[in-house]
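Structure record follows, encoded as structure tokens.
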Amino acid sequence: MTPGDGSIRVRAAVLPEIGAPLAVEDVLLDPPGPKEVLVRVCAAGVCHSDLHLARGHLGHERVPIVLGHEGAGIVERAGSDVGHVRPGDHVAFNFAPACGDCPMCRGGRPNLCQTAGSFAWKGTMLDGRTRLRRAATGQPLLHFNFVSCFAEACVVPAGSAIAIPPTLSMKEAALLGCAVVTGVGAVRNAAGVRIGDTVCVIGCGGVGLQVIAAARLAGASQIIAVDRGWEKLEAALARGATHAVDAATRDVVHEVLLLSDGGVDHAFEVVGSAATIRHAWDVLRPGATAVVVGIAPRGVDVALPALDLLSQKGIKGSYYGSGNPAAEIPRLAELVATGRFPLADSIAAETDLDGIQEAFDRMHDGRVGGRTVAVIG
């Protein structure tokens, strides 16, 4: 059904308030503006970042909201000022559409675009307005990182629609715009893993598995996977890890130091907790660096022993691959499409819009390794 104002009616998973379950309902989606794209969503990954917002870990301001920031679909309509995609094109979503003009963009850090970041935290599009409304009441709904792909369709900024090969499975393409670009970028851009380096990856969920695969692709000689329970660790070994440590039954730091003969060259924390960030620090050899990829809840602090700084150990964060997602997503899509970076084994489960809340519950309880993908269209 198409209302008279040009909007379309679609089903979407709405978070009505922090801590509440998702509710699948009819929403009205306004048509795209001149610099926007309407995309029919085919698949969406269920990511911890969505769960973080739903549980209040990122604040309590952005509700009601349509979640979903990792996905892929087919362009239905492109605004008059959009030239890089057209109807029928397959696209993956980039949730950090860089402005190209702020200090971060000019400094070569488009993933940290200040303009995009400001509007993303407000839950609006780049003009400060929303394109989403509840069909029943007309109440405005917020956007999650410009994408909101837990829906049958979404309107995104032009920079958020990245063309990908039409031969690529939509379920695999859905992972490109978050899990893959984040994990691969952490290895390539933030850490610079080289042939022969030793690596520890703490957290083997959807992003952690991509860190492992990227480290293998970079030529790491040893990749030690750490997580709780053997289901996730078996997935990590299949993805390229050389060793596995069950944090539920083993002393993580002791085991990793033993396996690596005194410490690793690179430690990646992909959980987002003070304890696991400290583990990443403690398993480093002198002169090595820990890269924190996981998102910790607001208010979490991490304490590190200052004396360890004498060994020239370091720690840094990595956000959205620490590079240029708009340029890297197409290259990664080509690697996946040609079989050089397979993704099918990263998909742990499939669901639909109505099953996303259950996927949230399984993720919260640590009952899923890899990514759950919602097949929507």
Side-chain angles (χ1 to χ4, degrees), residues 45 47-49 69-70 92-100 102-117 120 145 159-160 162 164 175-221 223 239-241 264-272 277 280-281 284 287-296 312-336 340-341 343 346:
C47 176
H48 255 103
S49 297
H69 65 284
E70 176 188 82
F93 297 123
N94 165 22
F95 64 75
C99 72
C102 72
M104 289 293 101
C105 287
R106 293 198 303 270
R109 295 183 173 182
N111 63 307
L112 299 178
C113 174
Q114 292 172 320
T115 302
N145 288 353
S160 289
I162 308 297
I164 58 174
L175 307 187
L176 288 170
C178 181
V180 176
V181 75
T182 297
V184 174
V187 171
R188 290 182 176 175
N189 304 324
V193 175
R194 297 176 295 182
I195 294 173
D197 284 354
T198 56
V199 168
C200 176
V201 180
I202 301 173
C204 302
V207 177
L209 291 180
Q210 309 316 322
V211 174
I212 290 168
R216 179 186 62 182
L217 193 63
S221 62
I223 304 171
R239 200 86 179 113
V264 295
D265 298 311
H266 309 277
F268 296 90
E269 195 277 351
V270 205
V271 177
I277 292 172
W281 174 269
L284 295 172
T289 299
V291 176
V292 178
V293 184
I295 299 176
Q312 296 184 207
K313 291 164 67 169
I315 188 167
K316 65 190 298 187
S318 178
Y319 177 69
Y320 208 21
S322 301
N324 183 356
E328 294 178 3
I329 290 172
R331 291 196 289 264
L332 292 167
E334 188 64 29
L335 287 177
V336 177
R340 288 174 286 174
F341 194 85
L343 281 178
S346 299

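If you're wondering where the values come from, they're calculated on a predicted model, not measured in any experiment.
Under the 3.5 Å distance criterion, the side-chain polar atoms of Asp197 are matched with a main-chain donor or acceptor of Arg194. Without hydrogens or angle criteria, Arg216 side chain to Ala241 main chain gives no donor-acceptor distance under 3.5 Å. Checked by atom type and distance alone, the side chain of Lys313 never pairs as donor or acceptor with a backbone atom of Thr289 at under 3.5 Å. Although no hydrogens or angles enter the test, the distance criterion places no donor-acceptor pair under 3.5 Å between the side chain of Thr198 and the main chain of Val264.
When each of Val187, Leu217, Ile223, Val207 is checked for a side chain to side chain contact (heavy atoms under 4.5 Å, CB included) with Ile212, only Ile223 meets the rule. With respect to Asn94, the side chain to side chain contact (heavy atoms under 4.5 Å, CB included) criterion is satisfied by exactly one of Val181, Ile329, Leu176, Asn145: Ile329.
At least one side-chain heavy atom of Val199 sits less than 4.5 Å from a side-chain heavy atom of Val193. When side chains are defined from C-beta on, Pro110 does not count as touching Met104, because their heavy atoms never get closer than 4.5 Å. Side-chain contact between Phe268 and Cys200 is absent, with no heavy atoms from C-beta onward closer than 4.5 Å. With a 4.5 Å cut-off on side-chain heavy atoms, Ile164 and Pro330 do not count as touching. The shortest side-chain heavy-atom distance between Gln114 and Pro103 falls under the 4.5 Å cut-off.
For the residue pair Thr182 / Gln210, no side-chain donor-acceptor distance below 3.5 Å is found, with atom types taken as modelled.
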Test side-chain contact (heavy atoms from CB on, under 4.5 Å) applied to Glu269 and Val201, step by step: CA-CA 6 Å; Glu269 195 277 351; Val201 180; over 6 Å; no
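The minimum heavy-atom distance between Val293 and Ala186, with the atom names listed, is CG2-CB, 3.8 Å. Heavy atoms only, all atoms of each residue included: Ala116 and Pro97 are closest at CB-O, 3.6 Å.
The side-chain tip of Arg109 does not point at the ring of Tyr320 from less than 6.0 angstrom away and within 45° of straight on.
Residues satisfying the side-chain hydrogen bond (donor to acceptor under 3.5 Å, both in side chains) criterion with Ser322, sequence neighbours excluded, are Ser318.
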